[in-house]
Amino acid sequence: MQAIILAAGMGRRLGEYTKENTKCMVPVNGVRLIDRLLGQLSQLALNRVVIVVGYKGQELKDYIGHRYDDVLTIEYVDNPVYDKTNNIYSLSLAKEQLQEDDTLLIESDLIFSDRLFDMILADEEANVALVAKYESWMDGTMVRIDQDRNIVNFIPKKAFRYEDADQYYKTVNIYKFSRAFSCDVYVPFLEAYCHALGNNEYYEQVLRVVTLLDRSDLKALDIGQEKWYEIDDVQDLDIAETIFTSGEDLWRNYSRRYGGFWRFPQLLDFNYLVNPYFPSHRMLQELKANFDVLLTSYPSGMGVNSLLAGKYFGIRQQYVVPGNGAAELIKAVMEQLPGRVGVVYPTFEEYPNRKPEDVEVMVPQNADFSYTADDLMTFFAEHRVETLLLINPDNPSGNFIAKEQVIELAAWCRERKMRLIVDESFVDFAEGYPMNTLLHNDILEANPNMMVMKSISKSYGVPGLRLGVLASADDELIRSVRRDVSIWNLNSFAEYYMQIFGKYTADYDLACRKFLRERQRFGRELQSIPFLRVIPTQANYFLCEVDATISSSQLAIRLLREANILVKDCAYKKAFEGKNYVRIAVRNKRENDALISALRALSTK
């Protein structure tokens, strides 16, 4: 068995990273792709490794030098016209070597799990292409396979159909060819193809022709959940460095992305917090049906969107400001509030981070970080502030204060000429939904010192739309915030979502009821995990204390590394003071059960 590595390309899309080096010289987390690949190959029983070089080929040869002489026999083939040809020509230059032994054919811009070589070599079939089920990040050649693992067709880019995507597999660009296949099938077709169509093609085009034969002998091997990535540009490099991080940086590399996890389809995200049962299928279908017109149309301005937001929650237009996510509105409010702000820690830190020098902190002195409206009034009677912040339910504790007590708190603040900010982004997850919200005209009018913030991302399950609202009967405040945000701060998709929501209120009510049942069931399952103490919650997450057998950071890293599950490590949040807590979102039953299984597996190790 031998390996042939194609490494002649210029890698233009990587910009500065390939200005002085070919693509396989690009480091991922400090290790160059070529070193990682040659290290993996050195663990195999190979007769030789043939590297086809071109762009910056001499630099690559000099870099490899003799460092692998004790484990690998390395030979080189030069492609002098790498800038005028494609990889079909690079492989044709190595066709003599290809016919001398069974071969692993590998492209050099890949990073992948060590398991992939074991899988392909252990497969009893002589000619195998590694494939992965199509995911949104994938580009390039796709294939269809039948139930016997035969590759029935190669799908070039121009023939790709998104409506058929669930039937596609992406070639991983690692192949195993028998010597007989190379001699009798592949190389003859390679020569004919180059003669007929030239050298500016891809070697997989030859495989496409081969699969049209009645018997091609080329089988597909699905790599399942094994990790791999193809690095063509800086975005690919960034994602690869996240996926293939090792050690303590693994969790941090995912967390500092602050979302965008659709780029990691196999990741189960128990960090970010959304309703797992809404939007409904009917609503999604309506949004999809209007995608083209929404994408190509300008959104309305603040006047129309504040009208829609008011209609959404049943409050007057003049009391509401819609935002590009609650974060935009939090910034606008916090930067113009005078004086000190009272905050309960631990909490959602977007608010205090906007006024870090003017924060008066209360920390509940109990194991569950629970508190009441009376606790707030007692503490802030002695620690005077101009504004009091209440996240209700709180994040990450899940502590909840009933609406009647919040209204009493608002009255108490009004008597002391204090503003009250109530963030009720998670209130629809509390028992008693839908009676818990403060978004009613009479409540706002009776408490003009109170402002209510709500992220539509959380309970309505549409974080990608970036929607939030601020509501208050304080006309001056509302006018000031509207001046501070852009008149076109919402996109057309968010605007249309607010417009049609009224048709789906019954679906939303059903989603919230389903959620409450699943949270109760999931909570019981979490309580069965021996190293977790589960804190009662009224939100769509559980704060869990981790016992001394494992730290919260170790737990988060192991779940990510061993089960591809992301949870929130709270060790870095204020007020935990190095104690071990994790926050676990509530998702649907299938996903929640996957987390429970992963936690139980950890408890037995």
Describe, in one word, how the ring planes of F429 and F515 are oriented to each other, choosing from parallel (under 30°), tilted (30 to 60°) and perpendicular (over 60°). tilted

Enclosure of Y277 OH (heavy-atom neighbours >12, cutoff 6.0 Å): yes

Verify the ring-centre separation between F160 and Y134: is it less than 6.0 angstrom? yes

For a 4.5 angstrom cut-off between non-hydrogen side-chain atoms, does K403 reach V427? no

Could you measure the distance from the CZ atom of R263 to the CD atom of Q235? Nearest 0.5 Å is fine. 4.5 Å

State whether the number of non-hydrogen atoms from other residues, nucleotides or ligands found under 6.0 Å of E404 atom CD is greater than 12. yes

Where is the tightest heavy-atom contact between A563 and A598, given as atom of each residue plus distance? CB-CB, 3.8 Å

Can you confirm whether more than 12 heavy atoms, excluding those of Q147, are under 6.0 Å from its CD atom? no

Are N290 and V293 packed together at the side-chain level, in the sense that at least one heavy-atom pair is separated by less than 4.5 angstrom? yes

Taking the ring of Y541 and the ring of F426, is the distance between their centroids below 6.0 Å? yes

Are Y229 and F244 near enough that their ring centres are under 6.0 Å apart? no

Parallel under 30°, tilted from 30 to 60°, perpendicular over 60°: which one fits the rings of Y175 and Y203? perpendicular

Evaluate side-chain contact (heavy atoms from CB on, under 4.5 Å) for N540 paired with S459, printing each intermediate quantity in order. CA-CA 8 Å; N540 66 329; S459 55; over 6 Å; no

Are side-chain heavy atoms of F112 and I223 found at a separation under 4.5 Å? no

Flag the pair Y272 / Y258 as yes when their ring centroid distance falls below 6.0 Å, and as no otherwise. no

Over 60° means perpendicular and under 30° means parallel, so tell me whether F501 and Y497 are parallel, tilted or perpendicular. tilted

More than 12 heavy atoms of other residues, nucleotides or ligands under 6.0 Å from CD of Q520: yes or no? no

Could you tell me which non-hydrogen atom of V131 sits nearest to which non-hydrogen atom of T171, and how far apart they are? CG1-CA, 4.3 Å

Quick check: do L439 and Y319 have side-chain heavy atoms less than 4.5 Å from each other? no

Compare every heavy atom of I243 with every heavy atom of L250, then report the nearest pair and how far apart it is. CD1-O, 4.4 Å

Are M283 and Y508 side-chain neighbours, meaning at least one heavy-atom pair lies under 4.5 Å? no

Ring centroid separation for Y254 and F264, is it under 6.0 angstrom? yes

Would you say that more than 12 heavy atoms from the other residues, nucleotides or ligands in this model lie under 6.0 Å from the CZ of R521, or not? yes

